[in-house]
Every structure is written in C-alpha cells, then in structure tokens.
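In each ligand, atom 1 is the first atom listed, and ligand 1 is the first ligand listed. The chain is numbered in sequence order, starting from 1. A quick note: this is a predicted structure, and the numbers were derived from the prediction, not measured.
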Amino acid sequence: MTQASTTPLANSFRAQPDENGHFGQFGGRYVAETLMPLILDLDRHYRAAMADQAFHDEFDWLMKHYVGRPSPLYYAQRLTETLRESAPEGRGAQVWFKRDELNHTGAHKINNCIGQILLAKRMGKTRIIAETGAGQHGVATATVAARFGLPCVIYMGARDIERQQPNVFRMKLLGAEVVPVQSGAKTLKDAMNEALRDWVANVHDTFYIIGTAAGPHPYPELVREFQSVIGREAREQIQELAGRLPDLLVAAIGGGSNAIGLFHPFLDDADVAMLGIEAAGHGIETGEHAASLAGGTPGILHGNKTFLLQDADGQIAEAHSISAGLDYPGIGPEHSWLKDIGRVQYESVTDTEALDAFQLLCRTEGIIPALEPAHAIAAVARKARAMNRDQIILANLCGRGDKDIFTVADALGVAM
Ligand SMILES: *Cc1c(COP(=O)(O)O)cnc(C)c1O
C-alpha cells in the first residue's frame with residue numbers, strides 16, 4: 001500500500017478521525033495525564049511508520065507468508081440456493097464470504113497484532129502487554145510475541161480464566177505469562193484497567209497491543225488501518241470475480257475491528273450499503289446482551305467516548321453473548337459515529353438466531369464458523385431473502401468455529 005492510495009480526500013467518510021482522534025463527537029483520548037506523553041509518542045511513530053514504505057513491505061510480507069493472506073473470497077452457492085428456497089419469488093441475493101477464518105490462528109485478530117508488534121519493534125520496545133476477555137486476543141498477541149521473540153504479559157479477569165481454560169493453556173504454550181485480575185467483576189474491563197496501569201508503570205520498554213478498534217486515539221485509527229487489509233482485498237476480489245462492487249457488506253461486532261476493517265475501504269462507495277451486527281444475547285429487552293449501540297448510551301470507557309453498556313450511575317454493565325468474542329461492553333468510536341451519520345446500519349442477532357445460522361453454514365457449505373460470524377450469517381439470511389437475485393451480499397467470515405464446538409454442544413443439549 002502506498003501512502004497516496006490510503007490517504008482519502010478531505011470530504012470523504014474515510015478522512016476521520018481529526019488530529020485529536022474525534023469521529024464526530026466520539027473517540028478522543030480520555031486518559032490520565034501520565035498517559036498523554038505515551039500516546040503522543042505512539043501517534044508520532046504510527047504516522048512515521050505509515051509514511052515508510054519499508055514498514056508496509058514488512059507488514060505485507062508477514063501477511064502473505066505468516067498469516068496466509070490474501071484470504072479467499074468465496075461464493076457460497078449452496079447457502080445462496082438454500083436461502084432462495086424460503087424467499088419470495090425472484091428474491092434471494094448472492095452470498096459471498098471473505099474467508100478470514102483461514103488465517104493463521106483462525107481469525108482476523110492476527111492482522112492487527114502483526115501491525116502493532118511491528119510498531120513496537122520500530123519504537124524499540126522490548127516487552128508486550130495486552131488484555132483479553134475470552135482469550136482470543138491474548139492468543140493472537142502471544143503468537144506474534146513468540147514470533148518476534150519478545151516477552152509477553154496478558155491480563156485476564158480471574159473469572160474469565162476459569163471459563164476459558166483452553167485459551168489460557170494456548171497462551172502459556174506460546175510462552176506468555178497470564179496474570180489473573182482479581183479486581184471488580186474479574187472480567188474484561190478489569191483486565192483493561194490493569195493493562196493500562198502496567199503500561200503507565202513500564203512505558204520505557206513496554207508496548208500495549210489493544211485488540212479491537214477502541215482505546216484512546218490513535219488506537220482506533222491504527223487498528224482500523226491494520227484490519228483494512230480485509231476490505232482492500234475484498235474490494236479487489238469482488239470486482240475481479242463478480243465484475244462489480246457488492247450491494248451490502250455484513251460483519252459481526254464485538255468492539256468492531258473486523259467490521260471497520262471490511263467497511264472502511266468501501267465507505268466512499270455510495271452504492272455499497274453496510275450492516276454491523278451486534279450480539280443481542282437473550283434479547284435486548286432482557287438486558288442480557290452485548291449490543292452497545294442498540295441497548296447502550298454514550299459514555300467514556302477504555303480512553304474514548306462511545307456507546308457503552310452502563311447503568312444510571314455510569315457503572316459498566318456486564319455484556320452477555322453466547323459468543324465470548326462479542327461480549328465487549330463498548331464499541332469502537334468510529335462505529336458510534338457511522339451510526340450517528342447514518343452511513344452504516346446496525347442491527348442485532350440473538351444467541352438462538354446465531355446458533356441456527358452456525359448450523360446452517362456447517363450443513364450447506366462445509367464450513368464450521370465461529371459463533372461471532374454466525375451472528376453475521378444470521379443477518380445475511382434475514383437480508384438475502386428480501387433482496388433481488390442479482391444483488392450481492394459480502395460478509396466477513398472472521399473466525400473459524402473449532403473453539404466453539406463445546407459451547408454449541410452445550411447449547412444444543414448434546415453430551416460430549
Ligand atoms: C474477537 C473476535 C470478534 C470481535 O472483535 P471485533 O473487534 O469486533 O472484530 C469477532 N470475531 C472473532 C472470530 C473474534 O475472534
């Protein structure tokens with residue numbers, strides 16, 4: 001990627017954030033005074049890296065030879081035909097998948113981790129930290145830390161450690177130290193606070209790898225940049241394979257990194273509609289969900305202003321989803337802005353709908369998806385039936401389902 005091709009016009013949807021990290025009223029850097037110099041330093045190094053072709057070349061090389069990119073773009077013919085059987089006459093859009101589940105480590109998170117560890121190396125940092133909820137970002141971070149030979153500490157809520165033993169063991173195999181966080185509810189937001197504390201204390205040698213398009217500026221922007229490899233590839237591939245741009249993009253949203261990575265390169269394509277899918281858990285009305293846009297209000301979390309799950313006193317509420325990777329209590333600030341201005345639509349999908357879609361994809365395409373993209377697939381089924389047959393939906397298959405088969409067995413009442 002050359003600098004010229006990634007710099008959008010000033011009046012473009014792709015021109016955000018401003019220099020203080022604001023996407024409209026969202027984003028920014030709401031951090032302690034002590035963190036400001038670190039964040040400004042990161043910002044300087046990030047801009048220098050973006051202007052340095054050698055940085056892009058190394059990123060591209062690792063994407064190709066280590067991650068396995070470009071991931072294929074795949075026309076899901078049997079799923080398309082199956083959805084047409086229950087659609088009104090003449091309806092049933094073509095469904096295409098961006099196969100990011102085929103990446104090394106089985107999801108999109110590695111794209112971002114590679115970008116950030118290259119930044120760490122460039123800044124001369126010799127120690128990596130991260131926080132993780134379900135453990136997937138922890139595993140991706142431990143993976144790149146091993147690849148670059150850097151010591152790595154992963155903060156994880158003590159309750160999450162109990163619930164996510166396989167990922168804890170993976171991180172340990174990869175050489176990471178997993179630190180149980182005993183404060184608060186002992187889950188993701190407590191781990192985020194602990195990681196920020198470590199960063200302040202050890203800034204001279206430590207780089208903090210944030211796992212979604214959130215955090216204080218410039219994190220939402222740089223995570224988006226590294227994940228935009230998804231949308232850049234997809235935009236080229238669909239034009240080559242279908243001869244035109246898609247009518248609708250669909251992606252599941254935890255914090256929103258795979259979604260913004262798919263959407264961003266298409267934001268100025270006025271005829272491409274976009275749909276972000278939040279996890280509705282047991283249903284928005286039950287309060288047990290992870291849908292920050294549908295069921296949350298604006299506030300400050302993790303160094304930025306965005307929609308959050310919080311109570312009347314501003315206490316962060318626990319998110320719920322059958323998919324561990326979607327239960328982040330906030331959403332990246334760019335999504336809050338894209339919702340505000342109406343450029344992207346957001347809907348939600350329940351646990352039950354996601355489980356149905358999970359099984360549908362297994363049986364029609366021979367692909368076991370992660371429960372996160374199963375939410376996107378449920379929305380694809382909803383939309384495809386209402387669209388014309390010559391229309392194209394392109395959805396991000398952001399992770400594979402090996403990690404989720406026990407959860408699914410449990411939810412289906414199957415003994416394993
Ligand atoms: C972590 C994860 C997500 C949610 O994170 P985003 O930042 O919203 O992309 C979605 N899918 C998979 C497979 C994940 O591992």
* How about W96 and L241: do any of their side-chain heavy atoms sit closer than 4.5 Å? -> yes
* Asked: So, is I253 polar-close to ligand 1, with some N/O to N/O distance under 3.5 Å?
  -> no
* Check whether any N or O atom of P373, backbone or side chain, sits under 3.5 Å from an N or O atom of ligand 1, and answer yes or no. => no
* Asked: Tell me: protein heavy atom nearest atom 4 (C) of ligand 1, and distance?
  -> G325 O, 3.3 Å
* **Min N/O separation G256 to ligand 1 under 3.5 Å** => yes
* Do any N/O atoms on Q136 end up under 3.5 angstrom from N/O atoms on ligand 1? -> yes
* Is there a heavy atom in C398 that sits closer than 4.0 Å to ligand 1? -> yes
* Between E278 and L293, is there a donor-acceptor pair closer than 3.5 Å when you use the side chain of the first and the backbone of the second? -> yes
* Under 6.0 Å from the CD atom of E19, do we count more than 12 heavy atoms belonging to anything else shown? -> no
* Please tell me if the side chains of E131 and H302 come closer than 4.5 Å, counting only heavy atoms from C-beta onward. => yes
* Sub-4.0 Å atoms of ligand 1 with respect to non-hydrogen atoms of T212 -> 6 (P), 7 (O)
Side-chain polar contacts of residues 112-119 - donor-acceptor pairs under 3.5 angstrom, sequence neighbours left out - could you list them?
| from | atom 1 | to | atom 2 | distance (Å) |
| --- | --- | --- | --- | --- |
| N112 | OD1 | Q116 | NE2 | 2.9 |
| N112 | ND2 | I210 | O | 3.0 |
| Q116 | OE1 | I210 | N | 3.3 |
| Q116 | NE2 | I210 | O | 2.8 |

* Asked: What do we get for N258 next to ligand 1 when only non-hydrogen atoms under 4.0 Å count, side chain, backbone, both or neither?
  -> both
* Using atom types as modelled and distance alone, determine if a side-chain donor or acceptor of T286 lies under 3.5 Å from a backbone N or O of E288. => yes
* Structure fact -> Honestly, for K109 the part within reach of ligand 1 (heavy atoms, under 4.0 Å) is side chain
* To do: For G399, counting its heavy atoms only, list the atoms of ligand 1 lying under 4.0 Å from any of them.
  => 13 (C)
* Between D268 (side chain) and F13 (backbone), is there a donor-acceptor pair under 3.5 Å? -> yes
* To do: Mark the output for H108 as yes if a heavy-atom distance to ligand 1 is under 4.0 Å, and as no if none is.
  => yes
* Side chain of D247, backbone of Q391: donor and acceptor closer than 3.5 Å? -> no
